[in-house]
2 protein chains.
Amino acid sequence: MADLSAPSEYSDTERTIFDAALQVFAREGRNGARMQGIADAADINKAMLHYYFRDKRTLYENVFAYTVRQFMASFDISLTEAPTFAETLRVFIDGYVDFVRTHDAAMRLMVQENLAGGTLLGEHMREATKTDRTPPSILVNTIEDAVEAGEIRPVDPHHAVLTVISTCLYFFVARPTVQILHPPAERDWDAFVEERKDHLFDLIYRGLAPRD
Amino acid sequence: MADLSAPSEYSDTERTIFDAALQVFAREGRNGARMQGIADAADINKAMLHYYFRDKRTLYENVFAYTVRQFMASFDISLTEAPTFAETLRVFIDGYVDFVRTHDAAMRLMVQENLAGGTLLGEHMREATKTDRTPPSILVNTIEDAVEAGEIRPVDPHHAVLTVISTCLYFFVARPTVQILHPPAERDWDAFVEERKDHLFDLIYRGLAPRD
DNA sequence: GCCTGGTTCAACCATTTGGTTAAACCATAC
DNA sequence: GTATGGTTTAACCAAATGGTTGAACCAGGC
């Protein structure tokens, strides 16, 4: 199992800083984030940031490396091979949406890095693949197998996986917009999230069902 | 029809600045963007930015207001009522994906504002709704009508619309990640986009088909 | 020619920001 | 008690950044 919490050898103070930094970087981006802002979020003196994580770049790289590990491992974590593809998909969607809800900031930071050009993505993803050997290709393989077994119609598994990820992830990224355009999501976000799990399973499972 | 290009009364210089600012804000975010960076992207002296757009905040608000107008109008533009729902959906997906491809930076800026908390979203979206009277609810209505006509099974139209938007939009946002994880998308992005239109129509249309 | 107006630029200024430092704090060991 | 070592803090510094300014530039009108 991948190391999913921030590195466990962290002291309390380091964890506090790490968590605050993740939150601020996810919101403001690599360059938009201010060291003072992170210090405030951690309710700690600014000099502590430099005492524990040399400088801004080092702090960001630590937080981002962790984020990539989260992202890479998220597929593996949510995927439990069940007797039928329908069950596997249902469990995956439920698990993945819950994962994103729980690791909201990390997912938003991944998006930030993508928007910023994704220069750090390559090496860190290769790194995470080596350490955890759980690339998203496991999910792709699951779809491939289901196609071969005739459980679903022939589809490009890469597009199918991308579609699942998009639909489970994007509404968290665009949460402010969703809540403005759809008041029920504003009134009770958690209920909206649960509704969405049902909707996504229904739509995607039917969408993948074999031709009649 | 909505005013989709940057305000037409702009001079050449203003347009150059505006376009450069859109690119940089979309990449770096509201606070991450640097005025010098925008000036460089526009190949223009930094003082010009202040000559034409008072200060950073004003520049951002102008660019962002335009972006919201784009986003709000995008649904209307891509939606052409066709004889059957299948055709309407096909045309919408094709049109919307093309729209996002063309207005890539504007869409990424929308995401940036969402990540940053979306404080500006509310007023600007209300503003855009007044001016253009083309909120995304038109799309919601289209789905509702198709449900009532029995062309598709009963689904929550808000979730259905969100699913369509997510799948058409997110892979542009996460393009660097997609290209790392799926080399064909790196080798020929445009071909990948075309593939994706087909995949999305197939999956979503089957997913919405009436129960047998 | 030479005004006149908008436009462009290099140099400059004030504030913010990332980062440093030296002293203070506070456990624990002796 | 006090020496020791890691931890925390306020004050400080240098560079980056947003923003200003006064002069130069360059049309078009006279």
Side-chain angles (χ1 to χ4, degrees), chain A residues 6-67 109 112-113 115-117 119-120, chain B residues 6-67 109 112-113 115-117 119-120:
Chain A
S8 49
E9 66 270 24
Y10 275 1
S11 68
D12 283 358
T13 314
E14 281 168 318
R15 263 222 76 112
T16 306
I17 294 173
F18 188 94
D19 291 344
L22 173 59
Q23 231 41 55
V24 175
F25 279 129
R27 189 181 167 94
E28 303 284 344
R30 195 206 307 215
N31 298 320
R34 299 287 119 94
M35 292 299 268
Q36 187 61 58
I38 296 171
D40 292 347
D43 194 29
I44 223 170
N45 189 289
K46 181 165 71 83
M48 303 283 284
L49 303 181
H50 295 97
Y51 180 74
Y52 286 103
F53 302 85
R54 197 177 307 281
D55 55 20
K56 191 181 180 183
R57 182 176 174 75
T58 306
L59 178 55
Y60 182 78
E61 291 230 12
N62 274 277
V63 172
F64 183 66
Y66 157 80
T67 286
L109 182 55
Q112 285 279 7
E113 185 63 27
L115 290 173
T119 43
L120 290 181
Chain B
S8 49
E9 65 269 24
Y10 276 0
S11 67
D12 283 357
T13 313
E14 281 169 317
R15 264 221 77 113
T16 306
I17 294 173
F18 188 93
D19 291 345
L22 174 59
Q23 292 298 332
V24 175
F25 279 128
R27 188 180 168 96
E28 304 282 344
R30 196 205 308 216
N31 297 321
R34 299 287 119 96
M35 292 299 268
Q36 187 61 58
I38 295 171
D40 291 347
D43 194 29
I44 223 168
N45 189 288
K46 181 164 71 82
M48 302 283 284
L49 303 181
H50 296 95
Y51 180 73
Y52 286 103
F53 301 85
R54 196 176 308 282
D55 54 22
K56 192 181 181 182
R57 184 177 171 75
T58 306
L59 178 56
Y60 181 77
E61 291 232 11
N62 273 276
V63 172
F64 183 66
Y66 157 81
T67 286
L109 182 56
Q112 284 279 8
E113 186 62 28
L115 290 173
T119 43
L120 290 181

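This structure is a prediction, so every number in the text was calculated from the model and none was measured.
The side chain of A:T13 places an N or O atom within less than 4.0 Å of a non-bridging phosphate oxygen (OP1 or OP2) of D:dT8. Distances shorter than 4.0 Å separate none of the side-chain N or O atoms of A:Y51 from OP1 or OP2 on D:dG6.
Side-chain contact check for B:L109 versus B:Y60: some heavy-atom pair is nearer than 4.5 Å. Between B:Q112 and B:R30, the closest side-chain pair of non-hydrogen atoms is not below 4.5 Å. A:N62 has its side chain within reach of A:Y10: a pair of non-hydrogen atoms, C-beta onward, lies under 4.5 Å apart.
Using a 4.0 Å heavy-atom cutoff across all strands shown, A:F53 reaches no nucleic acid atom at all.
Residue A:D55 has its side chain nearest to C:dG19 when only C:dC9, D:dG19, C:dG19 are considered. Side-chain proximity of A:N45 to the nucleotides D:dA10, C:dG18, D:dG18 is greatest for D:dA10. Among D:dT9, C:dG19, C:dT7, the nucleotide with an atom closest to any side-chain atom of A:M48 is D:dT9.
Remark: P of C:dA10 and CG of B:L49 are 14 Å apart, rounded to the nearest angstrom. Distance B:D12 CG to C:dT7 P: 12 Å, rounded to the nearest Å. Atom CD of B:E28 and atom C1' of D:dG18 are 16 Å apart (whole Å). The nearest whole Å value for the distance from the NE2 atom in A:H50 to the C1' atom in D:dA10 is 15 Å. B:R34 places its CZ atom 11 Å from the C1' atom of C:dG18, with the value rounded to the nearest Å. If you take CG of A:D43 and P of D:dT8, they are 12 Å apart, rounded to a whole angstrom. At whole-Å resolution of the value, CD1 in A:I44 and P in D:dA10 are 12 Å apart. If you measure from atom OH of A:Y60 to atom P of C:dG18, you get 15 Å, rounded to the nearest angstrom.
Heavy-atom minimum distance, A:A116 versus B:R27: O-NH2, 3.1 Å.
Applying the 3.5 Å distance criterion, the base of C:dG19 shares a donor-acceptor pair with the side chain of A:K46.
Side chain to side chain, B:D19 and B:Q23 fail the donor-acceptor criterion of an N or O pair below 3.5 Å.
With DNA chain C read from its 5' end, the first of the two nearest nucleotides for A:A47 and A:A33 is the one closest to A:A33.
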